[in-house]
Amino acid sequence: MLLALEGIAGAGKSTLRDRLLADAAAAGLPLSHVGQFSWLSPPATRTLIALRAGRPGPDPNDAPQAAHQDLTLHCRFVITPALDCGPVIADRLSLSTAVLLALVHRRPVADYVHLLAEQTAARPDLTILLTTPPDLCQTRMSTRPTERRFTDDPQTTTRLADLYEEGAKAWTAATGLPVLRHPCTSPGDLAVLATTSLDRLRAWRPPAPTKGGHL
């Protein structure tokens with residue numbers, strides 16, 4: 001099972017990821033995690049770094065193509081091998097990339113959701129969208145020692161939260177796959193999210209092969 005954690009900076013993704021990894025280890029569940037990008041193609045990496053800095057580049061097609069190429073490599077060389085060993089958490093994945101593309105290029109997020117959903121092997125079986133309020137995320141970000149990105153100012157953070165909601169709807173419409181929405185504002189929220197996620201990971205079974213398929 002591939003589980004993606006999505007949401008704006010400060011929403012609680014890393015906190016939930018670490019809690020799930022610890023709980024899974026305690027329960028004897030072989031859970032691993034991957035990041036948003038593979039960084040395996042130098043040209044795509046250069047374009048994605050510029051995108052993360054808010055620079056769209058001279059050709060509006062460069063970043064979407066780079067994201068698609070990187071996701072293909074990520075699936076082949078990182079995600080699929082990891083899934084062969086057990087369930088996997090992705091701390092951001094296609095939805096976050098689609099949202100970033102939409103923000104920088106000022107186009108509908110659904111356009112990029114459809115592009116990235118073409119890589120069917122990288123589709124998360126379940127996406128958890130952390131809907132933590134932007135003002136609380138801002139407060140959390142203000143205490144972090146890391147340098148703040150262009151996406152971290154209050155106005156952009158609010159816009160990103162809206163884009164995530166639009167992208168989540170587009171994702172389910174395009175793929176039929178679920179997006180679970182829940183804030184992570186308190187220890188109680190974290191406990192609910194961790195328990196729900198771990199229960200899904202334990203209960204998941206691979207889909208039955210189609211007629212004529214192979215086990």
Side-chain angles (χ1 to χ4, degrees), residues 2 4-11 13-14 33-82 90-124 127 129-131 134 137-138 140-142 144-175 177 179:
L2 178 59
L5 306 180
E6 304 281 15
I8 61 178
K13 298 181 298 299
S14 297
H33 71 92
V34 298
Q36 182 177 359
F37 299 114
S38 76
W39 308 118
L40 292 174
S41 164
T45 292
R46 286 192 290 271
T47 301
L48 291 172
I49 288 173
L51 178 72
R52 280 158 49 104
R55 301 194 301 269
D59 187 338
N61 293 317
D62 284 350
Q65 291 172 357
H68 190 276
Q69 179 186 11
D70 181 88
L71 184 61
T72 300
L73 294 171
H74 203 13
C75 178
R76 180 178 179 183
F77 293 107
V78 181
I79 296 173
T80 298
D91 188 349
R92 296 184 184 270
L93 200 58
S94 298
L95 183 56
S96 282
T97 304
V99 164
L100 182 58
L101 286 164
L103 177 70
V104 174
H105 291 283
R106 299 182 182 182
R107 289 186 55 183
V109 67
D111 292 353
Y112 302 114
V113 165
H114 283 276
L115 173 68
L116 297 176
E118 290 175 0
Q119 180 49 269
T120 56
R123 292 179 177 180
T127 297
L129 175 58
L130 298 182
T131 56
C137 295
Q138 281 287 311
R140 291 172 175 173
M141 293 297 295
S142 68
R144 294 183 180 180
T146 54
E147 183 178 352
R148 303 195 76 180
R149 298 177 180 172
F150 85 101
T151 52
D152 295 339
D153 71 85
Q155 185 175 359
T156 303
T157 298
T158 300
R159 176 60 181 148
L160 280 169
D162 292 338
L163 284 171
Y164 269 108
E165 182 56 35
E166 294 171 20
K169 292 176 181 177
W171 178 261
T172 298
T175 67
L177 293 167
V179 176

Of all heavy-atom pairs linking D91 and S14, the shortest is OD2-OG, 3.3 Å

What's the spacing between L51 CG and L103 CG if we round to 0.5 Å?
9.0 Å

Does the side chain of R149 come within less than 4.5 Å of D152's, by heavy atoms?
yes

Could you state the interatomic distance from CG (L160) to CD (Q155), rounded to the nearest 0.5 Å?
11.0 Å

Would you say T151 and L100 make side-chain contact, with heavy atoms under 4.5 Å?
yes

Check whether any side-chain N or O of K13 sits under 3.5 Å from a backbone N or O of G7 as a donor-acceptor pair, and report yes or no.
yes

Tell me, do E165 and L129 make a side-chain contact under 4.5 Å, heavy atoms counted?
yes

To the nearest 0.5 Å, how far apart are CD in Q69 and CG in L40?
10.0 Å

Between atom CD of Q36 and atom CG of D70, what is the distance when rounded to the nearest 0.5 Å?
9.0 Å

Spatial distance of atom OH (Y164) from atom CD (E6) [nearest 0.5 Å]:
5.5 Å

Can you confirm whether more than 12 heavy atoms, excluding those of R140, are under 6.0 Å from its CZ atom?
yes

Between G35 and L93, the two heavy atoms sitting closest are O-CD1, 4.1 Å

Interatomic distance, CG@L177 vs CZ@R123, rounded to 0.5 Å, equals 6.5 Å

Is there a donor-acceptor pair under 3.5 Å between the side chain of T80 and the backbone N or O of R76?
no

Is it true that a side-chain atom of H105 and a backbone atom of N61 form a donor plus acceptor pair closer than 3.5 Å?
no

If we ignore hydrogens and angles and just use 3.5 Å, is the side chain of T47 paired with the main-chain N or O of A63 as donor and acceptor?
no

How about T97 and F37: do any of their side-chain heavy atoms sit closer than 4.5 Å?
yes

Hey, are the side chains of W39 and I49 touching, using non-hydrogen atoms and a 4.5 Å cut-off?
yes

Give me the atom names and distance for the closest heavy-atom approach of G167 to L95.
C-CD1, 3.5 Å

Closest approach of P64 to L101 (non-hydrogen atoms, all atoms of both residues)
N-CD2, 3.8 Å

Quick one: closest heavy-atom pair of A161 and P134, and the distance?
CB-CG, 4.0 Å

Minimal non-hydrogen separation, A122 against I79, with atom names:
CB-CD1, 4.4 Å

